[in-house]
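Throughout, protein chains are lettered first and strands after them, A, B, ... in sequence-line order, and every chain is numbered starting at 1. What you see is a predicted model, and the numbers here were worked out from it, not measured in a lab.
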Protein chains: 2
Amino acid sequence: MAKASAKPKLDLVKRDDSNALIPEAFRNVLGYHLRVAQEASFQAFSAAADKADLKPGWYSILTILAEYGELTPSDLSRVCGRDRSTLTATLKGLSIRGLIERHQNPEDQRSYSVRLTEEGRKMQRRLHAIAHQHDQRLDEIVGADKDVVIAVLARIVNALGTS
Amino acid sequence: MAKASAKPKLDLVKRDDSNALIPEAFRNVLGYHLRVAQEASFQAFSAAADKADLKPGWYSILTILAEYGELTPSDLSRVCGRDRSTLTATLKGLSIRGLIERHQNPEDQRSYSVRLTEEGRKMQRRLHAIAHQHDQRLDEIVGADKDVVIAVLARIVNALGTS
DNA sequence: GCAAGATAGTTTGTCATCAAAATATTTGTC
DNA sequence: GACAAATATTTTGATGACAAACTATCTTGC
């Protein structure tokens, strides 16, 4: 039978019409757009990494280690802005796959530091190539507004206390 | 690259110095700032909701229902931009707590729709008050750039294909 | 009218995130 | 020197996200 009669059924408009689907209540809400944009961006990066059989979640850690050389999990957590407990599993994975080495701190039995292995450095470069491509795509989309947007985002982070 | 001495130890600068801790490699990367800002924003909202003993995850669903009246889980998923499977648990929780009602579709045994109960409407208003406060805080931080930023974020979502 | 395929919803498995509790070790106080 | 407090890491448990596989039902093609 015809379903047309009974149900309103929400004639959901396709996506090509910009913000066709955004609920009225959210249209002017920064937090909403922030969330949606960040998820779209992450998904795009994730898809690109997956296609190359790489773990998107490794990128930031490997890159920070490439820049800082050697860090404890705690310092790494502060630099990348994640809770320490979040890193445990990832570091274990990276270690198992030989991408990082752990070095016990001889002066403190509780603590160790991690650094990239040669393999890890290679992996970082491969992920960086993908990330760079992704960010160029974002740059194209954002165009001249990039600096303003970055400044605003940084302001948000600072004002809300990094948390 | 002399890491020779005992304590490299990263003298991590405190947060009050804007972007003191941002790794060089990310400083000009939009995706990074997007992620960090979104997480800070979500954390702030989450904390405010928690303080009032409310679930932050309920807000978007309740608000969409308040606006659209009655939706199937699939339509709800399209409107809020989450995968259908993501909604299952939340809808169950909302239903158990009496905030939404499920109505079987008499024309399609597979399908049902959900709508707010009076309790749900009250909860939506309570959460909305918190969300509104949060967004005003964001507005203050962002100031005159708000429209530009929202336009840019929407552009990102559209260009990256929502997904 | 029936088999094949599409669609609605749920389940399961993976991952990332946080916070709070648990462990182990170091530091500081008396 | 012993005991309390702080610190480094891991564990556990809750959320929320996705994708892929699964069940049930509806629609289509022939």
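The phosphate of C:dA8 (OP1 or OP2) has no side-chain N or O of B:Arg78 nearer than 4.0 angstrom. Applying the 4.0 Å criterion to OP1 and OP2 of C:dA19, one finds that B:Gln43 has a side-chain N or O inside that range. Between A:Thr86 and C:dT17 there is no side-chain polar atom (N or O) within less than 4.0 angstrom of OP1 or OP2. The phosphate of D:dG16 (OP1 or OP2) has no side-chain N or O of B:Tyr59 nearer than 4.0 angstrom. Dashed line: the shortest gap from a side-chain N or O of A:Ser74 to OP1 or OP2 of D:dT7 is not under 4.0 Å.
As a whole-Å value, the separation of B:Asp75 CG from C:dA8 P is 8 Å. Rounded to an integer number of Å, the gap from CH2 of A:Trp58 to P of C:dC15 is 10 Å. In this structure, NZ of B:Lys92 is placed 15 Å from P of D:dA14, rounded to the nearest angstrom. Between the P atom of C:dT7 and the CZ atom of B:Arg84 lies a distance of 10 Å, rounded to the nearest Å. Computed from coordinates, the B:Gln38 CD to C:dC18 P distance equals 12 Å when rounded to whole Å. Atom CZ of B:Phe42 is separated from atom C1' of D:dA17 by 11 Å (rounded to the nearest Å). Note: CD (B:Glu107) to P (C:dT7) measures 18 Å, nearest angstrom. One can place CD of A:Gln104 at 10 Å from P of D:dT10, the figure rounded to the nearest angstrom.
Linking Ile, Leu, Val, Met, Phe, Trp and Tyr whenever their side-chain heavy atoms come within less than 4.5 Å leaves B:Phe42 and B:Leu138 in two separate clusters.
Side-chain atoms of A:Gln136 and A:His134 include no donor-acceptor pair closer than 3.5 Å.
Taking 3.5 Å as the limit, the base of C:dA16 and the side chain of A:Thr90 contain no donor-acceptor pair of atoms between them. Side-chain atoms of A:Ser85 come within donor-acceptor range of the base of C:dA19, with a qualifying N/O pair under 3.5 Å. For a distance-only test at 3.5 Å, the side chain of B:Arg110 qualifies as a donor-acceptor partner of the base of C:dT7.
Of all nucleotides listed (D:dA8, C:dA19, D:dT25), D:dT25 comes nearest to the side chain of B:Asp108.
Applying the 6.0 Å contact sphere to CZ of B:Arg126 captures no more than 12 heavy atoms from other residues, nucleotides or ligands.
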Chi angles and distances behind the side chain to side chain contact (heavy atoms under 4.5 Å, CB included) call for A:Tyr112, A:Arg102: CA-CA 6 Å; A:Tyr112 63 88; A:Arg102 297 162 125 117; 3.2 Å; yes

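Just one residue in the list B:Ile61, B:Val114, B:Thr90 forms a side-chain contact (heavy atoms from CB on, under 4.5 Å) with B:Ile100, and that residue is B:Val114.
Along DNA chain C, the nucleotide nearest A:Gln109 and the nucleotide nearest B:Leu87 are compared for position; the residue whose nucleotide lies closer to the 5' end is B:Leu87. Both A:Lys55 and A:Pro106 sit near DNA chain C, but only A:Lys55 has its closest nucleotide nearer the 5' end.
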